[in-house]
> 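The structure follows.
Hydrogens, waters and symmetry mates are skipped; everything else that's a heavy atom, side chains included, is used. Being a predicted model, the structure only gives us computed values, none of them experimental.
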Amino acid sequence: MTDLIGIGEDDVLLVIDVQNDFCPGGGLPVPGGDEVVPLINRLADRFPHVVLTQDWHPPGHRSFASAHPGKAPFTTVEADYGPQVLWPDHCIQGSAGAELRRDLDIPRAELVLRKGFRPAIDSYSAFFENDRATPTGLAGYLRERGLRRVFVAGLAFDFCVGWSAEDAQRQGFAAIVIEDACRGIDVDGSVAATRQRLAARGIACVGRAAVGAVNSP
């Protein structure tokens, strides 16, 4: 028997970047990315509060390999704020690829947070840009709402999900990753490295079966 983690009124499900471009056929497909959609839809029914994030880049964003002549996607360059993986163009503002998946059916979501819209800074975390200094405003929103524990699911486990969980904890929230409702890109062993980082910080990675429902017996 799996011990259930009870869900209360101060818990929130944070759904990271379930967008067309991160699913098969998109500009930056995460292997199996579409598989998380029905899982997250069902998970959302267990939570009193849900927040969605949306990667939202302007054309020519500095994290795109196309903005660096001669550089290939998935190589790393040194940005002003540190190492930056260069990505294929993806989630460009107003494009079909940037749209949330149509089958992501969470009408109760209380906030859609867009990130990555500053042209020169990437944004993996839902809480901070990659310079680690520019906040998105999510921490303040959660505090004002009285929310204290953040469950994270979505895409991709080894980048935006992992960074969001770590920053949630740094901002004073309890953080839990629902790993089987995530999928990873796995650039140079990044999935294993993310698991190690989360474990070192005491952030649990659990399965959906461990997550209870509000007022569940």
> Counting only pairs under 3.5 Å, give me each side-chain donor-acceptor contact of residues 28-37, with atom names and distances, residues two or more places apart or in other chains.
unit_1	atom_1	unit_2	atom_2	d
E35	OE1	R183	NE	3.0
E35	OE1	R183	NH2	3.1

> Salt-bridged, K115 to D55, with N to O below 4.0 Å?
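Yes, this pair counts.
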> Is the backbone of E129 close enough, under 3.5 Å, to the side chain of T134 for a donor and an acceptor to pair up by distance?
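Between the backbone of E129 and the side chain of T134 there is no qualifying donor-acceptor contact (under 3.5 Å).
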> Rounded to the nearest 0.5 Å, how far apart are CG of L198 and CD1 of I176?
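The CD1 atom of I176 is 12.0 Å from CG of L198, to the nearest 0.5 Å.
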> May I ask you to decide if D105's main-chain N or O and N41's side chain share a donor-acceptor pair within less than 3.5 Å?
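Between the backbone of D105 and the side chain of N41 there is a qualifying donor-acceptor contact (under 3.5 Å).
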> Donor-acceptor pair, R46 side chain versus R208 backbone, under 3.5 Å?
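Flag set: sc R46 to bb R208 pair under 3.5 Å.
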> Should the pair D45-R42 be classified as a salt bridge under the 4.0 Å nitrogen-to-oxygen rule?
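Between R42 and D45 there is no salt bridge, as every charged N stays at least 4.0 Å from the carboxylate O atoms.
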> Below 3.5 Å, can you tabulate the donor-acceptor pairs from side chains in residues 149-159 to any protein atom, sequence neighbours excluded?
unit_1	atom_1	unit_2	atom_2	d
R149	NE	D11	OD1	2.8
R149	NH2	G6	O	2.7
R149	NH2	D11	OD2	2.9
D158	OD1	I185	N	2.9
D158	OD2	I185	N	3.3
D158	OD2	D186	N	2.5
D158	OD2	S190	OG	2.6

> I'd like to know if the side chain of R108 and the backbone of V50 have a donor-acceptor N/O pair within less than 3.5 Å.
no
> Before we go on, tell me: are the rings of F64 and H90 under 6.0 Å apart, centre to centre?
yes
> Step by step, would you call D122 with Q84 a side-chain hydrogen bond (donor to acceptor under 3.5 Å, both in side chains)?
CA-CA 8 Å; D122 207 0; Q84 171 65 54; 3.0 Å; yes
> Mark yes or no for whether S95, through its side chain, and C91, through its backbone, hold a donor-acceptor pair below 3.5 Å.
no
> Are any side-chain N or O atoms of T76 and backbone N or O atoms of V85, one a donor and one an acceptor, separated by less than 3.5 Å?
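Side chain of T76 to backbone of V85, a donor-acceptor pair under 3.5 Å: no, none is there.
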